[in-house]
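Following: one structure in structure tokens, then a few remarks.
In listed order, ligands and their atoms are each counted from 1.
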Amino acid sequence: MTIEYATAHRRASHIPAEAGTPYFIEKGDGDRAHLFGDLITIYAGGEQTENAFNFFTVEGPKGNLIPAHVHADTYEVFYVTAGAVRLFVEDLHGNQQEKLLTPGDFGFVPKNCPHAYRMERHHSQVVGVAAGPGGTFERFFETLGAPTDQHGLPRDAFVPAPEKFATVPQQYDVRFLRDHQWKTG
Ligand SMILES: O=C(Oc1cc(O)cc(O)c1C(=O)O)c1ccc(O)c(O)c1
């Protein structure tokens, strides 16, 4: 039997290549990527769930900012398990809110709602689930960022090359909003 892997670096993945297979993954051993200051660890994605949902964690240092962006077809969950994360979100009527989320707090961002967040403590961690009619977008992180075998945060923030910024986000239903202003707080 030949097992097809989506990319060469996923040969080391603990996620079985075949859908429909039960599995367990020890803490931190999901498929990992560095993007900006973040370590993203994917435990399940569209390949395992017929594009129904994914499950991943995002860890980052204090001050790490994910700039304003929007998803036309993806709903997102932000469940904070460590540190503190300030989530900025704008509803479909243009009303903006920001909320400091600490462990156990939950944020939900529907499709078409611009959002951004900043990690306010070192070793902050968010559990993410993101899916919708457009599928799941977890492979965005390793495609725009850099796959890694490390379990820690990037030593230096990984900033993608401009040509990647110009092509990759749109393939994964991510649109960065360059001049978006937050008038909260
Ligand atoms: O943190 C989340 O996503 C991101 C992390 C990055 O390093 C860069 C990004 O552009 C994003 C992004 O959202 O586009 C995150 C957290 C929780 C969740 O449910 C998500 O869908 C994304």
Side-chain angles (χ1 to χ4, degrees), residues 30-46 48-49 51-90 98-148 150-162 164-178 180 182:
D31 293 358
R32 299 180 295 286
H34 286 153
L35 176 57
F36 305 120
D38 288 337
L39 169 71
I40 296 106
T41 308
I42 298 166
Y43 292 89
Q48 287 70 52
T49 67
N51 283 333
F53 65 93
N54 54 21
F55 187 98
F56 56 90
T57 60
V58 181
E59 293 160 66
K62 181 177 175 178
N64 195 46
L65 175 75
I66 301 303
H69 61 281
V70 68
H71 311 283
D73 257 335
T74 305
Y75 296 83
E76 289 186 320
V77 158
F78 291 76
Y79 182 71
V80 174
T81 50
V85 176
R86 190 174 301 275
L87 182 61
F88 300 80
V89 62
E90 183 175 309
E98 67 171 74
K99 176 84 178 165
L100 184 68
L101 302 174
T102 57
D105 292 345
F106 174 92
F108 180 73
V109 177
K111 68 178 189 179
N112 286 315
C113 291
H115 55 286
Y117 71 75
R118 187 172 62 228
M119 304 231 171
E120 302 282 23
R121 297 283 183 279
H122 291 301
H123 309 290
S124 291
Q125 185 186 55
V126 185
V127 170
V129 174
T136 63
F137 83 146
E138 66 283 345
R139 296 298 165 192
F140 164 73
F141 302 118
E142 67 190 22
T143 310
L144 184 63
T148 181
Q150 293 174 38
H151 289 87
L153 299 181
R155 204 178 170 79
D156 299 305
F158 181 91
V159 180
K164 273 190 149 188
F165 258 125
T167 54
V168 172
Q170 64 202 39
Q171 293 165 21
Y172 291 90
D173 190 30
V174 180
R175 184 161 62 91
F176 285 103
L177 305 169
R178 202 174 278 225
H180 204 75
W182 295 103

Looking only at protein heavy atoms, identify the closest one to [atom] and say how far it is in Å.
{"atom": "atom 16 (C) of ligand 1", "value": "F78 CE2, 3.4 Å"}
{"atom": "atom 22 (C) of ligand 1", "value": "E76 OE2, 3.6 Å"}
{"atom": "atom 13 (O) of ligand 1", "value": "H69 NE2, 3.0 Å"}
{"atom": "atom 3 (O) of ligand 1", "value": "F141 CE2, 3.5 Å"}
{"atom": "atom 8 (C) of ligand 1", "value": "L35 CD2, 3.4 Å"}
{"atom": "atom 9 (C) of ligand 1", "value": "I66 CG2, 3.7 Å"}

Ligand 1 contact on T74 by region, counting heavy-atom pairs under 4.0 Å: neither
Between the main-chain N or O of [Y] and the side-chain N or O of [X], is there a donor-acceptor pair closer than 3.5 Å?
{"X": "E142", "Y": "R139", "answer": "no"}
{"X": "H122", "Y": "K62", "answer": "yes"}
{"X": "E76", "Y": "G128", "answer": "no"}
{"X": "D73", "Y": "G132", "answer": "no"}

Distance (rounded to the nearest 0.5 Å) between N64 CG and R121 CZ: 15.0 Å
Please identify which atoms of ligand 1 are closer than 4.0 Å to at least one heavy atom of [X].
{"X": "G128", "answer": "17 (C), 18 (C), 19 (O)"}
{"X": "F176", "answer": "10 (O)"}
{"X": "A130", "answer": "21 (O)"}
{"X": "F36", "answer": "7 (O), 8 (C)"}
{"X": "F137", "answer": "21 (O)"}
{"X": "V77", "answer": "17 (C), 18 (C), 19 (O)"}
{"X": "F140", "answer": "9 (C), 10 (O), 14 (O)"}

Working for side-chain contact (heavy atoms from CB on, under 4.5 Å), residues L35 and V58: CA-CA 10 Å; L35 176 57; V58 181; over 6 Å; no
Taking every non-hydrogen atom, the tightest pair across P114 and L177: CB-CD1, 3.6 Å
Ring centres under 6.0 angstrom apart (H69, H180): no
From F55, Y172, Y117 - option closest to atom 1 (O) of ligand 1 by heavy atom: Y117
Selection from D38, V58, V70, V80 by shortest heavy-atom distance to atom 7 (O) of ligand 1: D38
K111 and D173 ion-paired at < 4.0 Å: no
H123 atom NE2, over 12 foreign heavy atoms within 6.0 Å: no
